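Numbers here are sequence positions counted from 1. Source: prediction; values computed, not measured. Just so you know, these numbers use all the heavy atoms, side chains as well, and skip hydrogens, waters and symmetry mates.
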Amino acid sequence: MSSRPTLALVGATGAVGTVMIDIINGRESVPWGEIRLIASPRSAGKRITVRGESLEVVALSAEAFDGVDVAMFDVPDAVSAEWAPIAAARGAVAVDNSGAFRMDDDVPLVVPEVNVDQVANRPRGIIANPNCTTLSMMAALGALHRAFGLRELVVASYQAASGAGQDGIDRLYAEAAAVAGKGVGNRAGDVREALEAAGLSASDSPFPAPLAFNVVPWAGSLRDGGWSSEELKVRNESRKILGIPDLKVSATCVRVPVVTTHSLAVHAVFAEEVTVERAREIFEAQPSIRLVDDAAGGVFPTPADVVGGDPTYVGRIRQALDFPNTLDFFVCGDNLRKGAALNTYEIAESLV
């Protein structure tokens, strides 16, 4: 790379791409000599202001990567699967936010706070960004693993509607508007009837059940044994990021009526003795973790307080009463910001 490398953002006009641009604009300084915005042909020609300069969006093509040192991909899996190898073949390091390459043996899965050394291990010229649910707890788990040696992990996630994309956000708003003020919830079927009356068909929803005024114990697609794809991502990606191939993991992924910010209840078992006091010290020493933990004062992380922020917020830290060497805690992280855009950008910065 040159002393002032060129950065490309593929998917610049999408939901995560927009957050990425906000992050770049909010940095005090950036290492890039040029920032190139790339999107689908229908978005080509649009102009977006990046660090005070109006930049024209160019159409996705092989030539768009000429002269690019780092290319960040915030696009669907199929687009990344096709174009990230093309970007790498043109000389760029592709940092991909999709699920196309996460579990490939020759593609590192990176969280800079945990395994930044793996950015150098990229034989295909591609680095993967984890799933936003896994990522929300990785800074906390990585710090604890370094101190105590993680052995087992039981997680329940409470995932925001935005994890299902813009369709998920639009659906939650539409459902909330349909049922608000209707006095629903006094009998079974009230919410569904209100949605039907508003013309909101269940077949058009990205969720398998109503999300407004409800909790849906499902995220992702069906896999063997009744597990969902999101639950298996938590298991497999945690093993890869932490470098613990035999880590015992059980996850239950739940969709909740929150627009943005995933939350997780974590039950972590360690090889060595662990205390709440020592865990608090470890969390407080991590620049990317915000400790919010005063149960007596009613202070703990909630999505409403976390959305739009960069850190991982950790609270409700307890030593399990009936399990040795075990901590329970609650984590919140903005799934669009840290869970996607920020981590991808931090990987890109780590390369230069």
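- Residues forming a side-chain hydrogen bond (donor to acceptor under 3.5 Å, both in side chains) with Tyr313 (at least two apart in sequence, or on another chain): none.
- In this structure, the side-chain hydrogen bond (donor to acceptor under 3.5 Å, both in side chains) partners of Asp74, at least two apart in sequence or on a different chain, are Asn97.
- Contacts of Arg27 classified as side-chain contact (heavy atoms from CB on, under 4.5 Å), with partners at least two apart in sequence or in another chain: Ile23, Val30, Arg51, Leu342, Tyr345, Glu346, Glu349.
- Defined by atom type and a distance below 3.5 Å, a donor-acceptor pair is missing between the side-chain atoms of Glu230 and Ser228.
- Closest approach of Ala212 and Ala176 over heavy atoms only: CB-N, 3.8 Å.
- Contact check on Glu34 versus Arg36 returns a salt bridge, with a Lys/Arg side-chain nitrogen under 4.0 Å from an Asp/Glu carboxylate oxygen.
- With a 4.5 Å cut-off on side-chain heavy atoms, Asn325 and Glu272 do not count as touching.
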- Item | Evaluation steps, side chain to side chain contact (heavy atoms under 4.5 Å, CB included), between Glu175 and Leu200 | CA-CA 8 Å; Glu175 289 187 358; Leu200 295 174; 4.2 Å; yes
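- Using modelled atom types, no side-chain atom of Thr134 and backbone atom of Pro130 make a donor-acceptor pair closer than 3.5 Å.
- In this structure, CG on Asn115 lies 8.0 Å from CG on Leu242, to the nearest 0.5 angstrom.
- Remark: Arg235 pairs with no residue by the salt bridge (Lys or Arg N to Asp or Glu O under 4.0 Å) rule, at least two apart or across chains.
- The structure places OG of Ser263 at 4.0 Å from CZ of Phe330, a figure rounded to the nearest 0.5 Å.
- Take Glu281 and apply the side-chain hydrogen bond (donor to acceptor under 3.5 Å, both in side chains) test, not counting sequence neighbours, and it matches Arg278.
- With salt bridges taken as basic N to acidic carboxylate O contacts below 4.0 Å, none links Asp328 and Arg316.
- Connection of Val352 to Ile35 is established within a shared hydrophobic cluster, with ILVMFWY side chains joined at heavy-atom distances below 4.5 Å, either directly or through further cluster members.
- A donor-acceptor distance shorter than 3.5 angstrom exists from the side chain of Arg4 to the backbone of Trp32, with no hydrogens or angles considered.
- Sorted by first then second residue, the side-chain hydrogen bond (donor to acceptor under 3.5 Å, both in side chains) pairs that include residues 160-170, not counting sequence neighbours, are Ser162-Asn335, Gln166-Asp170.
- Transitive grouping of hydrophobic side chains (ILVMFWY, heavy atoms separated by less than 4.5 Å) keeps Val154 and Leu232 in distinct clusters.
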- Task: Under the side chain to side chain contact (heavy atoms under 4.5 Å, CB included) rule, what do Val254 and Gln159 come out as? Steps first, then yes or no, please.
- Result: CA-CA 6 Å; Val254 180; Gln159 298 178 212; over 6 Å; no
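- Glu284 pairs by the side-chain hydrogen bond (donor to acceptor under 3.5 Å, both in side chains) definition with nothing, not counting sequence neighbours.
- Taking the side chain as every heavy atom from C-beta outward, Arg171 and Pro206 approach each other to under 4.5 Å.
- Legend: side-chain hydrogen bond (donor to acceptor under 3.5 Å, both in side chains) pairs involving residues 240-260, not counting sequence neighbours: none detected.
- In this structure, Ile169 shares a hydrophobic cluster with Leu172, Tyr173, Phe207, Leu211, Val216, Trp218, Leu222, Val259, the cluster being traced through Ile, Leu, Val, Met, Phe, Trp and Tyr side chains under 4.5 angstrom apart.
- Phe300 and Val306 fall into different hydrophobic clusters, where Ile, Leu, Val, Met, Phe, Trp and Tyr are joined by side-chain heavy atoms under 4.5 Å apart, directly or via other members.
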- Message: Using the rule given for side chain to side chain contact (heavy atoms under 4.5 Å, CB included), can you reason through Val292 versus Val314, listing the C-alpha separation, both sets of side-chain angles and the distance that settles it, and then say yes or no?
- Response: CA-CA 6 Å; Val292 185; Val314 180; over 6 Å; no
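- Put simply, the side chain of Gln319 gets close to the backbone of Val274: a donor and an acceptor are under 3.5 Å apart.
- With a 6.0 Å radius and a threshold of 12 heavy atoms from other residues, nucleotides or ligands, Arg318 has its CZ atom above the threshold.
- Between Leu327 and Ile317, the shortest heavy-atom contact is CD2-CG2, 4.3 Å.
- Nearest heavy-atom pair, Arg239 versus Leu247, reported as atom, atom and distance to 0.1 Å: NE-O, 2.8 Å.
- Below 30°, between 30° and 60°, or above 60°: for His267 and Phe323 the angle between ring planes is above 60°, a perpendicular geometry.
- Distance alone, capped at 3.5 Å, places no donor-acceptor pair between the Ser238 side chain and the Asn236 backbone.
- Leu9 and Val19 fall within a single hydrophobic cluster, where Ile, Leu, Val, Met, Phe, Trp and Tyr are joined by side-chain heavy atoms under 4.5 Å apart, directly or via other members.
- With hydrogens and angles disregarded, a donor-acceptor distance shorter than 3.5 Å links the side chain of Asp334 to the backbone of Leu336.
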- Task: Just do the side chain to side chain contact (heavy atoms under 4.5 Å, CB included) check on His262 and Cys332 with the steps written out, would you?
- Result: CA-CA 6 Å; His262 290 347; Cys332 287; over 6 Å; no
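- Taking CG of Leu135 as the reference point, atom CG of Asn129 lies at 6.0 Å (rounded to 0.5 Å).
- You'll find the side chain of Leu7 reaches within 4.5 Å of the side chain of Ile24, heavy atoms only.
- Side-chain atoms of Pro210 and Val191, non-hydrogen and from C-beta on, do get closer than 4.5 Å to each other.
- If you take SG on Cys132 and NZ on Lys233, they are separated by 8.0 Å, rounding to the nearest 0.5 Å.
- With rounding to the nearest 0.5 angstrom, the CD1 atom of Ile21 is 9.5 Å from the OG1 atom of Thr49.
- Taking 4.5 Å as the limit, every side-chain heavy atom of Asp310 sits out of range of all side-chain heavy atoms of Lys338.
- From Glu237, atom CD reaches atom CE of Met103 across 6.5 Å, with rounding to the nearest 0.5 Å.
- Judged purely by distance below 3.5 Å, without hydrogens or angles, the side chains of Ser54 and Arg47 pair a donor atom with an acceptor atom.
- A salt bridge is absent between Lys46 and Glu56; no separation between the charged side-chain nitrogens and carboxylate oxygens falls under 4.0 Å.
- In this structure a side-chain-to-backbone donor-acceptor pair under 3.5 Å is missing from Arg124 to Val107.
- Between Val331 and Pro301, the closest side-chain pair of non-hydrogen atoms is not below 4.5 Å.
- Of all heavy-atom pairs between Gly67 and Thr6, the closest is O-CB, 3.4 Å.
- A donor-acceptor pair is defined here as one N or O able to donate and one able to accept, closer than 3.5 Å; no such pair exists between the side chain of Asp106 and the backbone of Asn121.
- With contacts defined as side-chain heavy-atom distances shorter than 4.5 Å, the pair Val70/Val95 qualifies.
- Residue Phe65 shares its hydrophobic cluster (ILVMFWY side chains chained together at separations under 4.5 Å) with Val10, Ile38, Val58, Leu60, Phe73, Val75, Val79, Trp83, Ile86.
- Screening residues 288-303 for side-chain hydrogen bond (donor to acceptor under 3.5 Å, both in side chains) gives Glu113-Ser288, Arg280-Asp293, Thr302-Asp305 as the qualifying pairs, with residues at least two apart or on separate chains.
- Ion pairing of Glu193 with Lys182 is absent here, as no side-chain N (NZ or NE/NH1/NH2) approaches a carboxylate O to less than 4.0 Å.
- Using a 4.5 Å cut-off on side-chain heavy atoms (C-beta onward), Leu144 and Leu150 make no contact.
- The ring-ring contact (aromatic ring centres under 6.0 Å, His included) analysis of residues 274-293, with sequence neighbours excluded, yields the pairs Phe283-Phe329.
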